[in-house]
Engineer: 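Dropping the structure in here first, questions after.
Heavy-atom basis, side chains included; hydrogens, waters and symmetry copies ignored. In this text, all values refer to a predicted model and were calculated from it rather than measured experimentally. Positions are given from 1 along the sequence.
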Amino acid sequence: MLVAAAVCPCPPLLVPEVATGAAPELDAARTACADAVGLLAAARPDRLYVVGPAPEGAHGVYPAGTAGSFAAFGVDLAVRLGEGSAGDGAGRPADGWSADAAEGLPAGERSADAAERLPTGERPLPASLSVAAWLLGRAGWADAPIEGLGVDEAATPDVCAGLGRGLADSAARVALLVMGDGSACRTVKAPGYLDERAAGFDAEAARALGTADASALLALEPELAYELKVAGRAPWQVLAGAAEGAGLDGQLLFEDAPYGVGYFVAAWS
């Protein structure tokens, strides 16, 4: 059962070494993320799952100990997901998982291909999970075994919710660290330029995240999210599936749109 969740944005700029001179601009977001991760530890989970968007070829399970890097952003900084090694027991897939489910696919679809790839400790963490690993390392996380899940940003709400239910059912006390950004179309200088629909989408996402409204998260439209370059839609809907029947309350700890991208930090407990 899901007992706690933290929602954090996943721009590499959250890491000060990547942001360099712009680092102070996200100090408030870093502080809120630290507070949210601290609430996860306070929930005393049996297992922590880290969920974030991943590009094609990077979907699926990432065992504890999997390494990530910010070299692609010009910084010689490596991170590791948790304290375990990539081959230890902490990295086993949750009971009842299939490789198809971890890929965000309907059961049975491309099972042979997916099974060949997952799980693996050899491929690096996608950027979203690398940011999560940095947050957990900064917090000195040692409170529960960790496993990462890279989610296809195009996964349907039903697939995402099913993944979340599987995570919640995998242990008596489950916590989630959910990584994802809002729209990238809030200003003319945003990565996706200005789209008048972006502010409304982000306002509803922020409200749903801040009130633990799982139904509202599941109602976020994938097509609109894609058009607005929303990286968090699929991970948030995994959270919504995991939270079904859990009776959690939400709190929005941070909301802003620096660089024209919606960033939210929320805690569910």
Engineer: Is the number of heavy atoms from other residues, nucleotides or ligands under 6.0 Å of Arg44 CZ greater than 12?
Structural biologist: no

Engineer: Would you mind writing out the side-chain donor-acceptor pairs for residues 128-139 within the sub-3.5 Å range, not counting sequence neighbours?
Structural biologist:
residue : atom : partner : partner atom : Å
Ser128  : OG   : Pro53   : O            : 2.7
Ser130  : OG   : Pro126  : O            : 3.3

Engineer: Nearest 0.5 Å, please: how far is CZ in Arg186 from CG in Asp195?
Structural biologist: 11.5 Å

Engineer: Name each donor-acceptor pair under 3.5 Å that joins a side chain in residues 205-215 to protein atoms two or more places apart or in another chain, with its distance.
Structural biologist:
residue : atom : partner : partner atom : Å
Arg207  : NE   : Glu204  : OE1          : 3.1
Arg207  : NH1  : Asp213  : OD2          : 3.4
Arg207  : NH2  : Glu204  : OE2          : 3.1
Arg207  : NH2  : Asp213  : OD2          : 2.9
Thr211  : OG1  : Arg207  : O            : 2.7
Asp213  : OD1  : Ser215  : N            : 3.4
Asp213  : OD1  : Ala216  : N            : 3.0

Engineer: Is there a donor-acceptor pair closer than 3.5 Å between any side-chain N or O of Glu147 and the backbone N or O of Tyr49?
Structural biologist: no

Engineer: Measure the CD1-OH distance between Ile146 and Tyr62 for me, rounded to the nearest 0.5 Å.
Structural biologist: 16.0 Å

Engineer: Taking Gly68's backbone N and O only, do any of them form a donor-acceptor pair with Arg80's side chain (distance below 3.5 Å, no angle check)?
Structural biologist: no

Engineer: Enumerate, atom names and distances included, each donor-acceptor pair closer than 3.5 Å involving a side-chain atom of residues 248-265, sequence neighbours excluded.
Structural biologist:
residue : atom : partner : partner atom : Å
Tyr259  : OH   : Glu25   : OE1          : 2.6

Engineer: Would you indicate whether the side-chain heavy atoms of Tyr193 and Val188 approach each other to under 4.5 Å?
Structural biologist: yes

Engineer: Using the rule given for side chain to side chain contact (heavy atoms under 4.5 Å, CB included), can you reason through Leu239 versus Val51, listing the C-alpha separation, both sets of side-chain angles and the distance that settles it, and then say yes or no?
Structural biologist: CA-CA 9 Å; Leu239 168 61; Val51 181; over 6 Å; no

Engineer: Identify whether Leu39 and Trp268 are in the same connected component of the hydrophobic contact network (ILVMFWY, side-chain heavy atoms under 4.5 Å).
Structural biologist: no

Engineer: Any salt bridge between Arg233 and Glu221, counting N to O under 4.0 Å?
Structural biologist: no

